[in-house]
Amino acid sequence: MKAVASVSGGKDSIAMALRMWEMGYKFTIVSVFTEFEFPAIKQQVYRLIETTGLPHIVLEVKKGTWDRWFYGKISKGKLKGEVRGVRFVLNKSLPYCWYKREAKDKLFRKINKQFDIIYIGIRYDERKRIRNNPKFRYPLVEWKWVKEDVEKYLKEKGFWIREYDLFPHTGCFLCPYQTKKAWLNLKTHYPELFKIALKYHLDNLRLIGLPLIREEVFAWKEA
């Protein structure tokens, strides 16, 4: 049976794939990069590929995908014709990100159709996120690995990077769902990336009157 491991570059998926390779699993590494990954996170994926020598599929989202949506017009409903921007930033009841769906999930689904088994890096302490799909396998859950197990393993293997310490989630650095601490770390340690986020923050305020970045981030001053 043909198997694939979904690897984002985050600590859980890296630990899962590296340990599976050590255990003799046969699979293809699949990664989809958006326009807003941390450079070190992308490098983690390429390092994993180089270390394991496993077959791989790495896709880059077409440049401008975010801009076409962000600056585009709403096509239906009460707000039809208005600039879309980011309107869900203050609504925590919305669990899903449009950009993740368009920039990653659709591509993953297309690739996954070619495989019989899909390995996903969800930990044992996150098993409530497991989805009932006969193709999906969750090795970290099977091994009962929790956050501490993943961190210990990656540090032992020399696969730990500072982004794992600074950010609870290492997806898009532009993500409006980030915590205040994550935004502050982006502002402090990655000023060039923060400038990109700031551009969209200011445009979001100008276009629809809502912030993208938490306002308290701008009031914070480094000691």
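Just the heavy atoms: all of them, side chains too, but no hydrogens, waters or symmetry mates, feed the values below.
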*Walk me through it: do Y119 and V4 pass the test side chain to side chain contact (heavy atoms under 4.5 Å, CB included)?*
CA-CA 6 Å; Y119 294 112; V4 63; over 6 Å; no

*Mind running side chain to side chain contact (heavy atoms under 4.5 Å, CB included) on V45 and F33 for me, showing each step along the way?*
CA-CA 10 Å; V45 173; F33 295 137; 3.9 Å; yes

*asked:* Under the criterion side chain to side chain contact (heavy atoms under 4.5 Å, CB included), I'd like the reasoning laid out for Y200 against I213: C-alpha separation, chi angles, the key distance, then a yes or no.
replied: CA-CA 9 Å; Y200 291 109; I213 302 172; over 6 Å; no

*Check the pair E192, K195 against salt bridge (charged side-chain N to carboxylate O under 4.0 Å, His left out), reporting the backbone distance first and the verdict last.*
CA-CA 5 Å; E192 292 305 313; K195 285 181 183 178; 3.4 Å; yes

*Could you check K147 against D125 for side chain to side chain contact (heavy atoms under 4.5 Å, CB included), going step by step and ending with a plain yes or no?*
CA-CA 7 Å; K147 179 181 178 182; D125 50 333; 3.9 Å; yes

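Between D12 and G121 the shortest heavy-atom distance is CB-O, 3.4 Å. When all heavy atoms of A15 and W145 are compared, the closest pair comes out as CB-CZ3, 4.4 Å. Minimum heavy-atom separation, S8 to G10: OG-N, 3.1 Å. In terms of heavy atoms, K180 sits closest to V217 at O-CG2, 4.3 Å.
Using a distance-only test at 3.5 Å, with no hydrogens or angles considered, no donor-acceptor pair links the side chain of H56 to the main chain of I49. Remark: side-chain polar atoms of E163 are not paired, donor with acceptor, to backbone N or O of I41 under 3.5 angstrom. In this structure, the side chain of N204 does not engage the main chain of G85 through any donor-acceptor pair within 3.5 Å. A donor-acceptor pair is defined here as one N or O able to donate and one able to accept, closer than 3.5 Å; such a pair exists between the side chain of D149 and the backbone of V146. When atom types are taken as modelled, the side chain of E37 and the backbone of G171 share no donor-acceptor pair closer than 3.5 angstrom.
Salt bridge status for K42 with E60: present, with a side-chain N to carboxylate O gap under 4.0 Å. Taking a cutoff of 4.0 Å between a charged side-chain nitrogen and a carboxylate oxygen, E126 and R123 qualify as a salt bridge. Contact check on E22 versus K157 returns a salt bridge, with a Lys/Arg side-chain nitrogen under 4.0 Å from an Asp/Glu carboxylate oxygen.
In the hydrophobic cluster analysis, where Ile, Leu, Val, Met, Phe, Trp and Tyr join through side-chain heavy atoms closer than 4.5 angstrom, I29 is grouped together with Y46.
Interatomic distance, R129 CZ to I122 CD1, rounded to the nearest 0.5 Å: 4.0 Å. Between I111 atom CD1 and S31 atom OG the span is 9.0 Å, to the nearest 0.5 Å. Taken to the nearest 0.5 Å, the CG atom of L54 stands 7.0 Å off from the CG atom of L48.
Taking the six-membered ring for Trp and the full ring otherwise, the centers of F27 and W21 sit at least 6.0 Å from each other. In summary, the aromatic rings of Y124 and Y138 are positioned with their centroids too far apart to meet the 6.0 Å limit.
The neighbour count for E50 CD, taken as heavy atoms of other residues, nucleotides or ligands under 6.0 Å away, does not exceed 12. Summarising the local packing, NZ of K155 is surrounded by more than 12 heavy atoms from other residues, nucleotides or ligands at distances under 6.0 Å. Within a 6.0 Å sphere centred on NE2 of H169, other residues, nucleotides and ligands contribute 12 heavy atoms or fewer.
Taking 4.5 Å as the limit, every side-chain heavy atom of F38 sits out of range of all side-chain heavy atoms of I161.
Below 30°, between 30° and 60°, or above 60°: for F167 and Y190 the angle between ring planes is between 30° and 60°, a tilted geometry.
Looking only at atom types and distance, the side chain of Q44 has a donor-acceptor partner in the side chain of Y164 under 3.5 Å away. In summary, the side chains of D165 and W160 do present a donor paired with an acceptor at a separation below 3.5 Å, with no hydrogens or angles considered.
Figure legend: R206 and Y71 shown without cation-pi pairing, the cationic atom not lying both under 6.0 angstrom from the six-membered ring centre and within 45 degrees of its axis.
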